[in-house]
There are 2 protein chains.
Amino acid sequence: LTPTGAAGGADPVPPTIAWAGDHVRLVDQRRLPDELRILEVRTVDQLCDAIADLAVRGAPALGAAGAMGVALAVIGGHPGSEAGAALIATRPTAVNLAWGVRRALAAADPVAEAEVVAAADVAVNRAMGNAGLELVGPGASVLTHCNTGSLACVGWGTALGVVRAAHEAGRRPSVWVAETRPLLQGSRLTAWELGRLGIPHRIVVDAAAASLMAAGRVDLVMVGADRVAVNGDVANKVGTYAHAVAAHHHGVPFYVVAPTSTWDASCPDGAAIPIERRPPHEVLELAGTRVAPAESEAENPAFDVTPAGLVTAWVTELGVHRAPPGP
Amino acid sequence: LTPTGAAGGADPVPPTIAWAGDHVRLVDQRRLPDELRILEVRTVDQLCDAIADLAVRGAPALGAAGAMGVALAVIGGHPGSEAGAALIATRPTAVNLAWGVRRALAAADPVAEAEVVAAADVAVNRAMGNAGLELVGPGASVLTHCNTGSLACVGWGTALGVVRAAHEAGRRPSVWVAETRPLLQGSRLTAWELGRLGIPHRIVVDAAAASLMAAGRVDLVMVGADRVAVNGDVANKVGTYAHAVAAHHHGVPFYVVAPTSTWDASCPDGAAIPIERRPPHEVLELAGTRVAPAESEAENPAFDVTPAGLVTAWVTELGVHRAPPGP
């Protein structure tokens, strides 16, 4: 797996997704933390399946995947626009996917553009890490949700990238990892990354976050985003809104870390963001075994919307914004 | 399994725990919803294991278990007080356990007293169901957490007992079942009971509750309690507090349904309630398989405390209390 702008072989977390000349190589996130396995993807259909099944996920990683998907189509002699439409349809909330597709479609050389998108992602994330550093004081206890680390990006990370920057700056942050039901991106992926990075962390069930705040054990909440509306409303993994409400109730700062590519100039507010509904079995089963009664049904929205009023600040590669930066 | 005051064989949910002449019979709740299996318990040690491992759980059911445990000791020729101390130590937050033990120890005939405690539990729960009926309007959408149905009691239920009373009164309530991580008492037990009772329900991950409230899809929250302090602070399954904070934020009424045996006159407020810490593996594993990295740790408080200020009303067998009724 070619390092694409990350620290290379020495990086404790490998690049999530990379262009390999004529195909895409990506970390199969369904197999973590048990196995670090690389998936080789050679067609747009394979990539669509990998995205729909969350082998690759996370807003910035999906931006790179969108661009690489168009590149796959073009080198295979297929129309990039058809590939782009199919890719975008896999995850309706994730705006970076459409952004990456558009970038590649608009470029003279979609393959080169896909590589630029991937390399730029790491640089953007490092810039966010540096920008957000001011929000993480010495010894800060950070609550996070889902996975916003290197695995959600090409490399480095968004919200977890800020924590990593604070760790590398010697600020000794520690992390409360909300497990993130139903698919446990927190306990599977975030905990794995934090372990590799040597950052102290402890996993809790999602619903324990509010009582940790009540006990004064959370200094700040830091999350990523799948789409941010012009007014600053944030769509992110289901459960984010519950943490935001709890943070507001307890006076705990709530920060959203997402590159400008996650801001959607065509969305005036959160009500305009489509929320992906995922299959009920993700809630009703554990590790492939049904836990709920056979007749019971579930509702499984993948995301929720946190209104801008509950966000203390947004971090982009441009800096820390105490008000939405505007389109 | 002898019906102990419940509707008997016609009841869609069998008695949770019953005294059977010289031993205790209880529904093994670890096996639900896959299998309705009765566990025969003949010694105090067996009963302590069953309680610690949550084969039987729920505040009122533990009250009956406490009394029956003393009865088991006495008919075996052992000191009731030693048995009582061992039983109480199994679940430090659950005050009904101590209450049931004390009832049996204070009685001339602990066996007869255990049967009285069990029979009275169903009557008390039915009284709470009738009292709470005024809180559930026609077609109300009720969010609940953990299991507070028949399985949490000898029969009928506390919070879910109010929903059942509303259902039987023709009010057509429906229920959002919070799955209740880590042990899924919601998706395993509450969904099973609601299915048997024919009450419409839908399971969600715990962290989705806040966004359901934001969407106006929750009319009221109704939960049980493991201990209520004199000032009305409520210890209940971890995650209850998160729902209470969200309900407060959205102006959704938040009701606690618990018999007076769950109110602890020796606890002035929530800070005095001991919170049981359960093993980390409950969070780190799914269905016996590790999901988190081998090195990662978890914090697993079984309960949290909801301050009285977030409770709209408390329901006991004496009625609906808009302020704590006092010791």
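It should be emphasised that the depicted structure is a prediction, and the values quoted were computed from it without experimental measurement. Lettering follows sequence order; numbering is per chain, from 1.
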Student: Looking only at heavy atoms and a cut-off of under 4.5 Å, which of A:A294, A:A209, A:P301, A:A207 has the most pairs with chain B?
Tutor: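 Among the listed options, the one with the most contacts to chain B is A:A207.
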Student: Which residue out of B:V291, B:V283, B:V305 racks up the most heavy-atom pairs below 4.5 Å with chain A?
Tutor: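 With the most close heavy-atom pairs to chain A, the winner is B:V291.
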Student: Of the listed residues (B:A298, B:G239, B:P200), which shares the most heavy-atom pairs with chain A below a 4.5 Å separation?
Tutor: B:A298
Student: Side chain, backbone, both or neither: which part of B:L284 has a non-hydrogen atom closer than 4.5 Å to chain A?
Tutor: side chain
Student: Sort B:L310 into side chain, backbone, both or neither according to what part of it lies under 4.5 angstrom from a heavy atom of chain A.
Tutor: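 The side chain, not the backbone.
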Student: For chain B, find which of A:L184, A:L194, A:L286 contributes the most heavy-atom pairs closer than 4.5 angstrom.
Tutor: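 So the answer, after comparing A:L184, A:L194, A:L286, is A:L286.
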Student: When you compare the side chain of A:V245 with that of B:V245, does any pair of heavy atoms fall below 4.5 Å?
Tutor: yes
Student: Kindly provide each donor-acceptor pair between chain A and chain B shorter than 3.5 Å, listing atom names and distance.
Tutor:
residue	atom	partner	partner atom	Å
A:E179	OE1	B:R181	NE	3.4
A:E179	OE1	B:R181	NH2	2.6
A:E179	OE2	B:R181	NE	2.7
A:R181	NE	B:E179	OE1	3.4
A:R181	NE	B:E179	OE2	2.7
A:R181	NH2	B:E179	OE1	2.6
A:H201	NE2	B:S296	OG	2.9
A:R202	NH2	B:E297	OE1	2.9
A:I203	N	B:E297	O	2.8
A:I203	O	B:E299	N	3.0
A:R217	NH1	B:E299	OE2	2.6
A:R217	NH2	B:E299	OE1	3.2
A:R217	NH2	B:E299	OE2	3.1
A:Y241	OH	B:H250	NE2	2.4
A:H250	NE2	B:Y241	OH	2.5
A:S296	OG	B:H201	NE2	2.8
A:E297	O	B:I203	N	2.8
A:E297	OE1	B:R202	NH2	2.9
A:E299	N	B:I203	O	3.0
A:E299	OE1	B:R217	NH2	3.2
A:E299	OE2	B:R217	NH1	2.6
A:E299	OE2	B:R217	NH2	3.1

